[in-house]
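Data first, discussion second: the structure below is written as structure tokens.
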2 protein chains.
Amino acid sequence: MKKQKFSIKDIATSLNISKTTVSFILNGKAKEKRISQPLVDKVLKFVEEVGYTPNQFAQSLRTGKTKILGLMVEDISNPFFAQIARNIEDRAYEAGYKIIYCSTENDKEKSKEFLQMFQRLGVDGYIITPTPELEEDIRPLVDSKANLILLDRNLNSLETDYVMVNNAESAYEGTKHLIRNGFRKISFITISSNQTQMTERKRGYEEAMNDHALQPLVHEVSFKKNYTDSVAELKAILNTAPEIDAILFGANYLGVAGLEAISELNMKIPEDLGVVSFDDNDLFRINKPSITAIAQPIEQISETAINRLIDQINSDQQDKNKNGLFLSTTLIPRESSQK
Amino acid sequence: MKKQKFSIKDIATSLNISKTTVSFILNGKAKEKRISQPLVDKVLKFVEEVGYTPNQFAQSLRTGKTKILGLMVEDISNPFFAQIARNIEDRAYEAGYKIIYCSTENDKEKSKEFLQMFQRLGVDGYIITPTPELEEDIRPLVDSKANLILLDRNLNSLETDYVMVNNAESAYEGTKHLIRNGFRKISFITISSNQTQMTERKRGYEEAMNDHALQPLVHEVSFKKNYTDSVAELKAILNTAPEIDAILFGANYLGVAGLEAISELNMKIPEDLGVVSFDDNDLFRINKPSITAIAQPIEQISETAINRLIDQINSDQQDKNKNGLFLSTTLIPRESSQK
DNA sequence: TTTAATTAAAAAATCGATTTAGCAATATAA
DNA sequence: TTATATTGCTAAATCGATTTTTTAATTAAA
């Protein structure tokens, strides 16, 4: 690492004044501390000339603030999270924060390690997509009034801010959309994990089916498998349950893998099988036939989360009443759900 | 931020010894500094009990090492970079490094700011996808022997390590593939930017065309436009140059936007238009017809880059001879290029 | 027996900032 | 004229580590 040329001390000795004075001036406390204007000007000019920048570690050490946020997502290479990361980034830099990211792969142990890492580092705020059962590891943060916001899912027993979409209603609407379009044997495909967003979606689906006197048909794909295995599993599901006439995919990657499975089985969408999937992407939009999607408002999610977090940081009051912020999805009807 | 419960000083006073001794023991210098084994054990036991973790800012301040890497990509929401970020992340954490990321949007000024940010922060290493003309801003880093690696593209006048694929050859092969499959009026679609990887791809394409006595047909899409505008621009190109019988898309997002444009114009692939695109993704694989892709070895790119960077960091010798590391792409023939 | 070397640990300096407490010098009030 | 405020600035403490320099107590060598 390149050594810093100028420290506050160097400036002070160069100008034959004390570093206290320099520090006050640099921190905009000149008025308050009654530093004379000529001296202020002189210091600022000099600082500008030598291109001084404060050592952020010394600052952090002294102030306890790091200007770093910790972003913990399930997988940064998942387009949904990648876009969130991108949007959060913009606003964070605008507000003077840097971002350290990590991907949990929905692994509790990994998540715990990352939490510890963030904590050791002393991040000023946490944006977290929690794995199931992470409550007890996050609780200490909540108890110590850390600035924290959960993303995409929540943990019921924790009093925190969280941002997510109205998953149950969205799934309900998606299911209703299929029913209205004439499908009856509609299956909901989810993953074998207790992530709250997935259980909510399942609940919404089941409610819609029940409300229309239809039998819910839930199928689970194991979580930890790789893509190829997931496709195989989906093919198996379709083979063993030929009565299914439509599918509601509970997530992005399930929809993608599902399309691949359907294609490999030479089934026709929407003739053989109606399809609606959570999340939207290039594939769903451009595919022939195009795929009906329940699109999450990614920008809005990101902005809500980061703005809320920065609010938390700036209001060091404890009057923050924690609550969930629910955003709405948009059902984008496309060819795959038109019988 | 929660205050750290135990500092090295607390441990020292708790055990009635000096913090020097504690520090030596914690840093594995007990032998070297002749600390007695009983004391070593006692300290380690105590440290374990109270769950002490060092303040990383104090450490960084003192040692000048930050254990943070700066990752600067064009756009973290671009699947190509998102996957790279994911792969780099794994290895970085394994080696004890954290990652701060940022997206340049191929904007030189933004890039400069991010470089400064990384520098101020004192990152231990840089992984950078440079915008054109960023040489003079990166040069100081190179001169000061910073640990640095360029990704996806390089800057000719700089002596640095860089990792990229053999773009010219890949484009040559992609073009040859189309020619061999009977296409003649093959257009190369690129963006209006001097990114080295794009100019290399163009060069390879032109060479292939010339070698087969065909006239190169290069079309540029303006860079800064949003997706919808790009699609419109691509439609305009196809409309004004109806003689084109195949397209080689120079990048991921051009291919995606291109497919959308082609679809909107109701052109048939591959009958009306053969298609090959750089990079691979779900859409290209699953689309009907599937799209022939020039796939970059993303894992290999990421691993090479991060491993090389960590090597740089660990070998504080200046014997590092900088050089380019070129990896090979894989042409994945699919339906879109079979006439 | 005195000197030198070794062992074991501690004191103090340092990294680069922020912040509290305080000190002269001047101005104002009593 | 003396007491009190105000002005303008600085010394020193502090954050939590690492590292150089010292010290004190033994042990070995002369």
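Small disclaimer: the values here were computed from a predicted structure and weren't measured. Quick note on labels: first sequence line is chain A, next is B, and so on, each numbered from 1.
If you check distances only, the side chain of A/Ser60 never reaches the base of C/dA17 with a donor-acceptor pair under 3.5 Å.
The two residues A/Gly96 and A/Lys67 have their closest heavy-atom pair at O-CD, 3.4 Å.
B/Glu89 pairs with exactly one of B/Ile99, B/Leu69, B/Ile306 by the side-chain contact (heavy atoms from CB on, under 4.5 Å) rule, that one being B/Ile99.
Regarding B/Gln56, its CD atom lies at a distance of 19 Å from the P atom of D/dC15, rounded to whole Å. Taking atom CD1 of B/Ile11 as the reference point, atom C1' of D/dA17 lies 11 Å away to the nearest angstrom. One interatomic measurement links the two molecules: CD1 of A/Ile25 to P of C/dT19, which rounds to 15 Å at whole-angstrom precision. Between B/Arg34 atom CZ and C/dA5 atom P there is a gap of 14 Å when expressed in whole angstrom units. Taking atom CZ of B/Phe24 as the reference point, atom C1' of C/dA11 lies 11 Å away to the nearest angstrom. Distance CG (B/Asn55) to P (C/dG16): 16 Å, rounded to an integer number of Å. Atoms NZ (B/Lys65) and P (C/dG16) sit 14 Å apart, rounded to a whole Å. Atom pair A/Ile8:CD1 and C/dT14:C1' shows a separation of 17 Å (rounding to whole Å applied).
Set against D/dG16, D/dT18, C/dA9, the side chain of B/Ile35 has C/dA9 as its closest nucleotide. In this structure, the nucleotide among C/dA11, C/dA17, D/dT18 sitting nearest to the side chain of B/Ser18 is C/dA11. Of the candidates D/dG8, D/dT18, C/dG16, D/dT18 carries the atom nearest the B/Gln59 side chain, counting heavy atoms from C-beta on.
When ring centroids are compared, A/Phe326 and A/Tyr162 come within the 6.0 Å threshold.
A donor-acceptor pair shorter than 3.5 Å can be found between the side chains of A/Asn106 and A/Ser193.
Nearest-nucleotide positions on DNA chain D place A/Lys33 closer to the 5' end than the other of A/Lys33 and A/Lys19. Each of B/Arg62 and B/Thr21 was assigned the nucleotide of DNA chain C with the nearest heavy atom; the assignment lying further toward the 5' end belongs to B/Thr21.
When heavy atoms are screened at a 4.0 angstrom cut-off, A/Thr20 is found touching base atoms of the nucleic acid. Using a 4.0 Å heavy-atom cutoff across all strands shown, A/Phe57 reaches no nucleic acid atom at all. Among the heavy atoms of the strands lying under 4.0 Å from A/Leu61 is at least one base atom, whether or not backbone atoms are also near.
Judged by distance alone, with hydrogens and angles left aside, the side-chain atoms of A/Ser23 form no donor-acceptor pair with the main-chain N or O of A/Lys19 at under 3.5 Å.
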